[in-house]
Amino acid sequence: MAPIDAQPDEPWRADELPDFEYRTLKLPDGDDGELAATLVRRLRSSWSEPPRGVALYLHGYVDYFFHPHLADAYRAAGFDLWALDLRRSGRSRRPGNVPHQFEVVDDYFTEIDWALSQIGAAGLPLSGLVGHSTGGLVASHYAGRGAQRASLKCLILNSPFFAFRAEPLERLALPVLGWLGRVAPRA
């Protein structure tokens, strides 16, 4: 996967969540229009002392970051939690995007690389990735093959989506749905 060309950093902006801010990375356009990724973090001024480390949260399918209580739990343990709204999701969704759609998990590596570089640029130590549901699938793939995998100290998975849990009759339908997805991906 080709790296994103260096871009001037967009400024951090006030987020819809109180005491949070966000920064957006413009990605190359997709077949459904403009693509972006959005990094969310607590305001730096809200820390009384620097965190011991930073964990990067990856949301699940049909999801985005809206969990200040999760960030509070990390803070209570002395860590900061940054979150990445992946392309076509949450703050990153643009007009015309097929919500939450991706073809290959590795497509997300570009924005994860960018988010991890932003943590490094802030002078904070990276602790690892936190993945919920499909974000757990993405995080585990990144931990195995991502460009910055050696910098990860831990991988935290919350209800990771690794396989369909389906009844026998439902399992029969999966190949048909897979075929339909290839033929008519927006159906």
Side-chain angles (χ1 to χ4, degrees), residues 4 7-27 30 32-102 107-139 142 148 151-161:
I4 293 284
Q7 301 176 37
D9 287 334
E10 177 180 304
W12 289 95
R13 300 170 192 249
D15 190 57
E16 60 195 38
L17 295 174
D19 298 323
F20 283 83
E21 59 188 353
Y22 72 93
R23 176 179 273 174
T24 301
L25 170 70
K26 183 175 179 351
L27 296 164
D32 58 347
E34 180 183 332
L35 295 179
T38 308
L39 188 59
V40 182
R41 69 177 186 185
R42 277 215 189 265
L43 294 172
R44 304 281 34 103
S45 61
S46 68
W47 277 93
S48 58
E49 59 186 60
R52 297 184 328 183
V54 177
L56 178 64
Y57 177 84
L58 304 177
H59 61 79
Y61 189 71
V62 191
D63 202 359
Y64 66 100
F65 180 74
F66 59 94
H67 312 291
H69 64 283
L70 186 58
D72 292 342
Y74 276 81
R75 174 176 277 188
F79 292 88
D80 202 0
L81 182 72
W82 293 29
L84 183 61
D85 279 5
L86 300 164
R87 65 185 70 192
R88 299 182 178 107
S89 302
R91 297 164 187 84
S92 301
R93 189 170 164 198
R94 301 293 184 260
N97 286 168
V98 177
H100 314 284
Q101 189 66 36
F102 67 97
D107 288 349
Y108 291 132
F109 287 11
T110 300
E111 55 238 61
I112 296 170
D113 286 338
W114 170 74
L116 295 177
S117 72
Q118 293 296 299
I119 292 169
L124 298 169
L126 175 66
S127 296
L129 297 177
V130 178
H132 169 69
S133 189
T134 308
L137 175 68
V138 174
Y142 189 89
Q148 297 183 52
S151 67
L152 302 175
K153 293 179 179 68
C154 71
L155 181 63
I156 301 170
L157 305 177
N158 172 16
S159 301
F161 176 80

To the nearest 0.5 Å, what is the distance between [atom1] ([X]) and [atom2] ([Y])?
X: Leu86; Y: Leu35; atom1: CG; atom2: CG; result: 11.5 Å
X: Tyr61; Y: His132; atom1: OH; atom2: NE2; result: 14.0 Å
X: Arg75; Y: Leu81; atom1: CZ; atom2: CG; result: 11.0 Å
X: Arg93; Y: Asp32; atom1: CZ; atom2: CG; result: 10.0 Å
X: His100; Y: Ser89; atom1: NE2; atom2: OG; result: 5.0 Å
X: Glu21; Y: Arg13; atom1: CD; atom2: CZ; result: 11.5 Å

Which heavy atom of [X] sits nearest a heavy atom of [Y], and at what distance?
X: Ala36; Y: Leu27; result: C-CD1, 3.8 Å
X: Asn97; Y: Arg94; result: OD1-N, 2.8 Å
X: Ala14; Y: Tyr22; result: O-CE2, 3.3 Å
X: Ala122; Y: Trp82; result: CB-CH2, 4.0 Å
X: Ser133; Y: Gly60; result: CB-CA, 4.0 Å
X: Ala139; Y: Leu155; result: CB-CD1, 3.7 Å

Taking side chain as C-beta onward, heavy atoms only, is [X] less than 4.5 Å from [Y]?
X: Tyr74; Y: Val54; answer: no
X: Leu56; Y: Leu39; answer: yes
X: Leu152; Y: Tyr142; answer: yes

Problem - Working for side chain to side chain contact (heavy atoms under 4.5 Å, CB included), residues Leu116 and Leu129 - result: CA-CA 10 Å; Leu116 295 177; Leu129 297 177; 4.3 Å; yes
Problem - Salt-bridge contact Arg91-Asp15 (side-chain N to carboxylate O under 4.0 Å) - result: yes
Checking [X] side chain against [Y] main chain: does a donor-acceptor pair fall under 3.5 Å?
X: Asp85; Y: Ser92; value: no
X: Asn158; Y: Gly136; value: no
X: Glu111; Y: Arg87; value: yes
X: Gln148; Y: Asp113; value: yes

Exercise for the section: Would you confirm whether the ring centroid of Phe65 sits within less than 6.0 angstrom of the ring centroid of Tyr57? Expected result: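 Yes - the distance between ring centres of Tyr57 and Phe65 falls below the 6.0 Å cut-off.
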Practice task
Mind telling me whether Tyr64 and Phe66 have parallel, tilted or perpendicular rings, with 30° and 60° as the class edges?
Solution key: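 If you compare the ring of Phe66 with that of Tyr64, the planes turn out tilted.
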Exercise for the section: Classify the angle between the aromatic ring planes of Tyr108 and Phe102 as parallel (below 30°), tilted (30 to 60°) or perpendicular (above 60°). Expected result: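 Rings of Tyr108 and Phe102: tilted, as their planes differ by 30° to 60°.
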Exercise for the section: Only one of Arg44, Arg42, Arg41 passes salt bridge (Lys or Arg N to Asp or Glu O under 4.0 Å) with Asp80; say which it is. Expected result: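 When salt bridge (Lys or Arg N to Asp or Glu O under 4.0 Å) is applied between Asp80 and each of Arg44, Arg42, Arg41, only Arg44 qualifies.
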Problem - Neighbour count above 12 (heavy atom, 6.0 Å) for Arg88 CZ - result: yes
